[in-house]
Amino acid sequence: MKHLSMEKKRSLWGWFFILPAATLIFIFSFYPMINTFILSLQSGIGNNLHFTGIRNYYRLFQDATFLRSVANVFTYLIIQVPIMLFLALILSSILNNPRLKFKGLFRTLVFLPCATALVSSAMVFRSFFALDGIVNIALLNIGLISNPISWLSHPIWAKVIIILVITWRWTGFNTIFYLAGLQNIDHSIYESAKIDGASPTQIFFKITLPLLRPVILLTAIMSTNGTLQLFDEVVQLTGGGPGNATITITQYIFNLSFVFSPQFGYAAAVSYAILVIVAILSIIQMKIGDQK
């Protein structure tokens, strides 16, 4: 290496240091992705796998359960993500107020649902919305309903409760991102706007939102990806029922692999369907976010 220039030596040392991490990423991320794609072109189990081409992908458009899971996921996405991001923006603006007392306590309370064990939170919400739960008791006492409602057994109300749980659980997570973004905005900008006579609404829409655009784009992409891969909350609350009314794509993949008769090739094709959907939506969001 003595004959190499200093620049080339630095480049080689750089590759030397990133090689272990790059190797691990390839082994645990890219290799499984390649193997999954190959598997998606096959059918059968174990040693009986045989190449079927794009037949599994063609099957996606004829599979009523898969189409139902896609519709459910997009329902959650369209309703829940905008509400969650809007609430996160409001909460972060409140928590960023320099005159607010007990900031540490409020920030902890906002973020606490993210740190709560999913099984515990699911059990709490299931007890809330049980036939003899606190929600039915409260509605009966104030006369809004005459009979208890089976919330989690109703196709529409079950979706509403799932959206409620997801929003409760992940709003604080996005709030932390927005709060960090707000704290990086120079306070003198707000002072100048106030001196020029800008109202709080004008400051929020003309200053805060434009300066937070990169963070909003990041949280929108992360929230979209997370919703499209929604699994735990639905399994714990409804199990995908009633009658697949709340099933998600990832739960369907799990069922194809471990609940029904194993169909690993078709499950791999469904997994790549998620990848394509996530990629398309991410590109759209980035294009919209880059617009001035």
Side-chain angles (χ1 to χ4, degrees), residues 72-98 100-129 133-135 151-152 156-185 200-201 203-205 207-238 246 248-251 278 281-282 285 288-289:
N72 290 340
V73 163
F74 272 91
T75 300
Y76 303 142
L77 175 66
I78 293 170
I79 298 175
Q80 183 265 335
V81 171
I83 293 174
M84 178 179 64
L85 297 184
F86 177 75
L87 290 175
L89 273 171
I90 299 300
L91 288 172
S92 61
S93 298
I94 295 172
L95 293 174
N96 194 50
N97 189 336
L100 180 67
K101 297 181 180 180
F102 307 110
K103 288 184 180 180
L105 174 62
F106 291 129
R107 291 174 183 176
T108 301
L109 292 175
V110 167
F111 188 75
L112 191 59
C114 303
T116 305
L118 178 61
V119 175
S120 301
S121 58
M123 289 178 63
V124 170
F125 275 93
R126 288 181 68 177
S127 65
F128 280 172
F129 291 95
I134 188 172
V135 175
W151 301 95
L152 295 175
I156 296 177
W157 285 118
K159 287 190 180 74
V160 172
I161 294 169
I162 289 172
I163 290 172
L164 175 64
V165 173
I166 302 170
T167 304
W168 170 82
R169 185 171 176 81
W170 296 112
T171 297
F173 180 80
N174 292 287
T175 300
I176 297 301
F177 281 91
Y178 292 148
L179 185 59
L182 287 171
Q183 291 177 344
N184 285 326
I185 299 175
T201 303
I203 291 174
F204 182 77
F205 285 101
I207 297 177
T208 302
L209 284 185
L211 293 177
L212 279 181
R213 177 179 291 180
V215 183
I216 294 173
L217 178 61
L218 173 65
T219 55
I221 292 175
M222 290 194 305
S223 300
T224 298
N225 294 350
T227 303
L228 289 174
Q229 300 175 62
L230 186 64
F231 178 79
D232 295 329
E233 289 84 351
V234 176
V235 171
Q236 294 292 335
L237 287 169
T238 65
T246 59
T248 61
I249 305 175
T250 51
Q251 185 185 359
V278 167
L281 291 179
S282 297
Q285 289 173 325
I288 294 174

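Considering all non-hydrogen atoms of both residues, F106 and K101 come closest at CE1-O, 3.2 Å. Taking every heavy atom of both residues into account, A88 and T175 meet most closely at CA-OG1, 3.4 Å. The heavy-atom pair separating P113 from R169 by the smallest distance is O-NH1, 3.4 Å. Of all non-hydrogen atoms in G172 and C114, the two that sit nearest each other are C-SG, 4.1 Å. Closest of all the heavy-atom pairs between L237 and A122 is CD2-O, 3.8 Å. Closest of all the heavy-atom pairs between P214 and P210 is CD-O, 4.4 Å.
L77 CG to N225 CG: the interatomic distance, rounded to the nearest 0.5 Å, is 9.5 Å. The distance from atom CD of Q80 to atom CG of L230, rounded to the nearest 0.5 Å, is 8.0 Å. Atoms OG1 and CG, from T224 and L281 in turn, are 6.5 Å apart once rounded to the nearest 0.5 Å. Atom CE of M222 sits about 10.0 Å away from atom CG of L217, to the nearest 0.5 Å. With rounding to the nearest 0.5 angstrom, the CG atom of N72 is 4.5 Å from the NZ atom of K159. We find the CD1-CD1 distance between I162 and I166 to be 6.5 Å, quoted to the nearest 0.5 Å.
Looking at heavy atoms from C-beta onward, V110 lies out of side-chain contact with L179 at the 4.5 angstrom threshold. Two residues are said to be in side-chain contact when any heavy atoms from C-beta on lie closer than 4.5 Å; V165 and F128 fail this criterion. Residues F129 and L164 meet the side-chain proximity criterion, which asks for heavy atoms closer than 4.5 Å. Inter-residue side-chain proximity for N174 and L85 is flagged as met; some heavy-atom pair is nearer than 4.5 Å. S93 is listed as a side-chain neighbour of L182, based on a closest heavy-atom distance under 4.5 Å.
Defined by atom type and a distance below 3.5 Å, a donor-acceptor pair is missing between the side-chain atoms of T116 and S121.
Y178 pairs in a side chain to side chain contact (heavy atoms under 4.5 Å, CB included) with only one of the listed residues (N96, I90, T219, L95), which is T219.
More than 12 heavy atoms of other residues, nucleotides or ligands lie within 6.0 Å of CZ in F231, so this atom counts as buried by the packing criterion. Within a 6.0 Å radius of CD1 in I156, other residues, nucleotides and ligands contribute 12 heavy atoms or fewer. Within a 6.0 Å radius of CG in L209, other residues, nucleotides and ligands contribute more than 12 heavy atoms.
Between W168 and F125, a ring centre-to-centre spacing shorter than 6.0 Å is recorded.
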Take L212 and L89 through the test side-chain contact (heavy atoms from CB on, under 4.5 Å) and record every step on the way to the result. CA-CA 10 Å; L212 279 181; L89 273 171; 3.9 Å; yes
Are Y76 and T248 close enough, and set up right, to give a side-chain contact (heavy atoms from CB on, under 4.5 Å), and what steps lead you there? CA-CA 10 Å; Y76 303 142; T248 61; 3.9 Å; yes
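The main-chain N or O of A220 is never found under 3.5 Å from a side-chain atom of S223 such that the two would form a donor-acceptor pair. Side chain of R126 to main chain of Q236: a donor-acceptor pair is present (N/O by atom type, distance under 3.5 Å, no hydrogens or angles).
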